[in-house]
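Residue numbers begin at 1 in each chain, while the letters A, B, ... track the order of the sequences.
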Amino acid sequence: MKEKVFAFLKTVPYGKVVTYGRIAEVVGNKKAARAVGNIIHTNRDFFGVPCYKVVSSKGKLSASYAGGGIEAQKERLESEGIEVIAYKVDLKKYGS
DNA sequence: TAGATGACTCACA
DNA sequence: ATGTGAGCCATCT
């Protein structure tokens with residue numbers, strides 16, 4: 001299960017983000033967004049998985065990003081050309 | 001080993 | 001528009 005989450009995360013193209021719901025849907029259960037969040041949270045191999053590309057259904061960034069917090073996550077997204085406003089991204093443009 | 005919790009989301013009152 | 005309840009899976013206590 002988590003393997004699928006990581007796999008999908010790796011397929012996320014540069015400059016794009018995905019929502020928990022989206023991942024849950026791809027992984028199999030649309031209602032498993034919560035589980036997805038947990039999987040990514042406890043992800044030790046986050047250097048191989050762009051978990052900073054994962055945002056809430058409204059484009060809001062994660063509350064506790066393992067790589068240094070929500071601010072670090074914002075920086076990372078901006079580094080990919082993603083416009084982050086008030087810790088939120090435009091899913092209309094960057095959502096997959 | 002079993003029960004509770006959590007980086008979430010959606011539906012209904 | 002705001003608030004509550006349900007459903008998933010991995011980890012923690």
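Among pairs with a residue in residues 52-67 of chain A, those fulfilling salt bridge (charged side-chain N to carboxylate O under 4.0 Å, His left out) read A:K53-A:E80, at least two apart in sequence or across chains. Within the structure, salt bridge (charged side-chain N to carboxylate O under 4.0 Å, His left out) contacts touching residues 83-96 of chain A (residues at least two apart or in different chains) do not occur.
The NZ atom of A:K58 sits 16 Å away from the P atom of B:dA7 (whole-angstrom rounding). The nearest whole Å value for the distance from the CG atom in A:L77 to the C1' atom in B:dA7 is 14 Å.
Residue contacts shown for A:S56 are limited to sugar-phosphate atoms, with no base heavy atom under 4.0 Å away.
A donor and an acceptor atom sit less than 3.5 Å apart, one in the side chain of A:S62 and one in the base of B:dA7.
Residues satisfying the side-chain contact (heavy atoms from CB on, under 4.5 Å) criterion with A:A72, sequence neighbours excluded, are A:Y65, A:R76. Remark: A:A33 engages A:Y20, A:A24 in a side-chain contact (heavy atoms from CB on, under 4.5 Å) (not counting sequence neighbours). Partners of A:E78 under the side-chain contact (heavy atoms from CB on, under 4.5 Å) rule, at least two apart in sequence or in another chain, are A:K74, A:E75, A:V84.
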Close N or O pairs between protein and nucleotides 11-13 of chain B (under 3.5 Å):
none

Report each atom pair, protein N/O against N/O of nucleotides 9-13 of chain C, whose distance is under 3.5 angstrom.
unit_1 : atom_1 : unit_2 : atom_2 : d
C:dC9  : OP1    : A:N29  : ND2    : 3.0
C:dA10 : N3     : A:N38  : ND2    : 3.4
C:dT11 : OP1    : A:R44  : NH1    : 3.0

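Listed by residue number, the members of residues 84-96 of chain A with any heavy atom below 4.0 angstrom from DNA chain C form an empty set.
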Enumerate, atom names and distances included, each donor-acceptor pair closer than 3.5 Å involving a side-chain atom of residues 25-32 of chain A, sequence neighbours excluded.
none

